[in-house]
Structures are given as structure tokens and as C-alpha cells.
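Report on one structure; see the data block that follows.
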Amino acid sequence: MFFVSNKLRLVVFVVSAATVLAGCNNAGSLQLKPDELISAPLGAISIFQLAGRLGLEVADSDQTAATLRDTANVVVVYGDPDGQAYVNGQPVGSLGGIAQVGGVLFVPERLEADIRLALRVPQPRPARPPAPAKPLAWHVALDPGHGGRDSGAISVGGYYEKTVNLAVCRMVRRELLSRGVEVTMTRMDDTFVELNERAAIANIAEVDLFVSIHADSARNRTARGFTVYVARSASRPSLAAAECVRGRLGTIGAPDRGVRQANFRVLVRTSCPAVLVEMGYLSNIREAARLARSGYQNRLAQAIADGVCDFLQEQTR
């Protein structure tokens, strides 16, 4: 896991995407809000995803360069037209292929293997006095989409997506806490939190899984069902988490739209396994009515919590 060194230096980036209905939307038939989605090159991963896969910390990152490190290695990646990666001062991989998209550096996925081969094995840290024994706990970040001045989608019944997202997230939090899972929330009330800050909260907390919770909207009022998203070129743990959550949501009686890939900003800026859940369509009359009911919200929350716990248990095997 890693943390962002400059905790309070969060830069807001504007990304070009299609204009929309207010709210989160599905790829394909839907349109996305500006700066929710990053159109990264095929076969590329973000610098945050790269760090997570290599077990490095992001010491610094901006639109032109990034520095990753551990106790034995310093990896520097430059994103100019002749972009290059260096491990401990030595160039690795082929020149080029490193690009800045939406304020985030992306590298070819194949570069991960080249960097891994060049890394030194970190030396063991000096032994510390034994700490008091405590039970090993998993740590999950829950991200209720939108909030504050960003209402998200508006349902056909007139209520806001941000309200549904927060209600379900609170229920998921309560359920996870009851099972001994530590939970960090990106927001606990109706406040606005930037997309980059949401990912940074998870990175700083060094969580084991990031779950962003949303409700969908589409021009096609017949569209309904839940979707689970991972980033393009997602890690195996991210894909495993998505399938666990999808499997549990499949028991609530809503249409299953599957696991899909899209470079949502909150997914590509997290170094841990990360998924984004679209619980259903606020633009569909019947589904919007269900999403407004606390009973159905609780069923969604139970299913999401069950899926999260399924994934965490898999990681201990």
C-alpha cells in the first residue's frame, strides 16, 4: 500500500468528456459528466496503479513527472514526448509511450515488468519492540458519490442521487463495522469532495479496498439494473473484488449488467483494489421508486457488504 506525501496538495484537473444529464452514467448508452472519466490509452495504467502493483509509494506526482520509492529504490517517470522511466538512475523500458491524460500520468502496462526486474530488494528494517497484540483488521474505504453542490443524477421522482449514495454507504459502513472491518468514508454528510481528494483519502489511509457507490441515469428510461466498474487494465484483485460484489448484488432481484471497464478518475487514482458500483437507474420509474425505499437500500447495502467480505476473505487464503 502507499500514501500520498503531500496530503493537502490536491490539484483539480478538467477532463474533456461528453456533456450530460446530471449524474453518473454507464458507458455506451450513457453520457458522462466532465472530469469523471479519463480517456487513457489502451493497454495503459495510471502511475497510481503502477505504484500499487509494485508495492511502492508515490512520493511526488504531477502532470510531467512522478517519483515512486521504497526503502531501496527510487523510480522516476517522465511524461514528456520522449517519456522515459528510470530505476535508481538507470533507464528501463523502451523510450516513449508515457502520456499525461487529464492530469494523470499513464504508462504502458508492459513497463511494470521492466521496472520490477530492475528493482533492488528492500533491506529489512531494524526490529522494533513488539507492539501489544491486536486482531488483524481489514480496512475499506467507502465513497458515496457526489455530495454538496454536486447532486448527481435527479430521479424521475425528484430526489437526488447524492442522498441515495450516502444512505446506502452508511448502511454498508454499519454492516462492515459489525463484522470487524475498519471503514473510512470519503464523506459522512452532504458535503462536496473533489474526485482527486476521494482517491487520496483512500491512499493516505492505506486501505485494502476502495468502493465507490453511485446510482445511474440514462436518456433511455427503460434502462435498469446494476453495474460494477473497474478501471481499464485493472489489477486481478480489483477484478476479483468486482466479481464478488457483482455475485452478491445478483441476489437482490435487479438485472445484472455485469462487470465493465472504464477509467473513472476515482478508480485510476487509487493504488489499492478499487471498484465503482452503479446500484440502478434513477431514470427508470420503477427502479427509482425502489432506490428511494430504505428497505431496498438496506438490501443493496447488505449485498455490497457481503461482496466486500467475500473478497477480503479470499485475500487471506
Side-chain angles (χ1 to χ4, degrees), residues 17-18 20-38 140-156 159-173 185-188 190-199 201-202 209-219 223-231 238 241-242 245-246 248-249 252 254-270 274-284 287-288 290-292 296-297 299-301 303-305 307-308:
V20 282
L21 298 172
C24 333
N25 298 291
N26 219 325
S29 63
L30 305 177
Q31 296 175 323
L32 292 159
K33 287 183 63 179
D35 85 355
E36 282 190 348
L37 191 66
I38 295 177
V140 172
L142 297 178
D143 174 43
H146 308 286
R149 66 176 184 265
D150 177 10
S151 64
I154 301 175
S155 80
V156 292
Y159 62 87
Y160 296 143
E161 178 195 350
K162 66 177 183 178
T163 305
V164 178
N165 298 341
L166 182 59
V168 174
C169 266
R170 284 174 170 170
M171 293 175 183
V172 177
R173 175 179 180 270
M185 296 275 285
T186 61
R187 66 180 179 97
M188 282 294 292
D190 186 21
T191 54
F192 176 76
V193 182
E194 297 285 358
L195 294 172
N196 291 349
E197 187 176 355
R198 293 169 188 265
I201 288 168
L209 178 65
F210 175 88
V211 182
S212 190
I213 294 180
H214 292 251
D216 234 326
S217 182
R219 289 194 179 98
R224 62 193 185 97
F226 67 87
T227 314
V228 183
Y229 281 96
V230 295
S238 292
V245 173
R246 176 196 178 191
R248 291 292 189 164
L249 283 172
I252 66 173
D256 179 356
R257 300 177 70 91
V259 173
R260 302 189 183 188
Q261 296 185 333
N263 277 337
F264 287 105
R265 185 174 292 272
V266 292
L267 297 182
V268 300
R269 293 191 71 95
T270 48
V275 300
L276 185 149
V277 180
E278 296 280 10
M279 300 179 289
Y281 282 80
L282 294 174
S283 49
N284 181 283
E287 204 154 64
R290 296 173 78 185
L291 287 165
Y296 187 67
Q297 291 172 359
R299 288 174 60 194
L300 285 165
I304 292 170
V308 167

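When a residue number appears, it is its place in the shown sequence, counting from 1. All figures in this text were calculated on a predicted structure; none of them were measured in a lab.
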Subject >> E278 vs H214, side chain to side chain donor-acceptor pair (under 3.5 Å): CA-CA, chis, key distance, verdict >> reply: CA-CA 5 Å; E278 296 280 10; H214 292 251; 4.9 Å; no

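- Atom CG in L276 sits 5.5 Å away from atom CG in L267 (nearest 0.5 Å).
- Smallest separation of non-hydrogen atoms from Y281 and A218: CE2-CB, 3.8 Å.
- Inter-residue side-chain proximity for N165 and M279 is flagged as met; some heavy-atom pair is nearer than 4.5 Å.
- Residues satisfying the side chain to side chain contact (heavy atoms under 4.5 Å, CB included) test with R246, not counting sequence neighbours, are F226, V228, E243, D256, V259.
- In this structure R248 satisfies the salt bridge (charged side-chain N to carboxylate O under 4.0 Å, His left out) test together with D306, D310, sequence neighbours excluded.
- Here the CG atom belonging to L142 is positioned 9.5 Å from the OG atom belonging to S212, to the nearest 0.5 angstrom.
- Considering every non-hydrogen atom in both P144 and M185, the closest pair reads CG-CE, 3.9 Å.
- A 6.0 Å sphere centred on CZ of R187 holds more than 12 heavy atoms belonging to other residues, nucleotides or ligands.
- Partners of A288 by side chain to side chain contact (heavy atoms under 4.5 Å, CB included), not counting sequence neighbours, listed by chain and number: S155, V156, Y159.
- Inter-residue side-chain proximity for E161 and I154 is flagged as unmet; no heavy-atom pair is nearer than 4.5 Å.
- With sequence neighbours excluded, the residues satisfying side chain to side chain contact (heavy atoms under 4.5 Å, CB included) with S238 are V230, A234, S235, P273.
- Taking every heavy atom of both residues into account, M171 and A301 meet most closely at CB-CB, 3.4 Å.
- Here the closest heavy-atom approach between residue V275 and residue A242 is recorded as CG1-N, 3.7 Å.
- Between S217 and A153, the shortest heavy-atom contact is CB-CB, 3.7 Å.
- Listed by chain and residue number, nothing satisfies the side-chain hydrogen bond (donor to acceptor under 3.5 Å, both in side chains) test with N263 (two or more places apart in sequence, or in another chain).
- Between I213 and C169 there is a side-chain heavy-atom pair separated by less than 4.5 Å.
- Here I304 contributes atom CD1 and I252 contributes atom CD1; the two are 8.0 Å apart, rounded to the nearest 0.5 Å.
- The side-chain heavy atoms of V266 and D143, taken from C-beta on, include a pair separated by under 4.5 Å.
- Nearest heavy-atom pair across L291 and A215 is CD1-CB, 4.5 Å.
- In this structure, CZ in R290 is found 7.5 Å from CZ in R224, a value given to the nearest 0.5 Å.
- A distance-only check finds a donor-acceptor pair linking the side chain of D190 to the backbone of G148 [under 3.5 Å].
- When the side chain to side chain contact (heavy atoms under 4.5 Å, CB included) test is applied to F192, the partners found at least two apart in sequence or on another chain are R149, D150, E194.
- Atom OH of Y296 sits in a crowded spot, with more than 12 heavy atoms from other residues, nucleotides or ligands closer than 6.0 Å.
- Going from atom CG of N196 over to atom CZ of R265 covers 5.0 Å, rounded to the nearest 0.5 Å.
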**OP:** With side chain to side chain contact (heavy atoms under 4.5 Å, CB included) as the test, would you mind laying out the steps for V164 and Q297 before giving the verdict?
**Re:** CA-CA 8 Å; V164 178; Q297 291 172 359; 4.3 Å; yes

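- In terms of modelled atom types and a separation under 3.5 Å, the side chain of E287 and the main chain of L282 share no donor-acceptor contact.
- Rounding to the nearest 0.5 angstrom, the gap separating the CZ atom in R257 from the OG1 atom in T227 is 5.0 Å.
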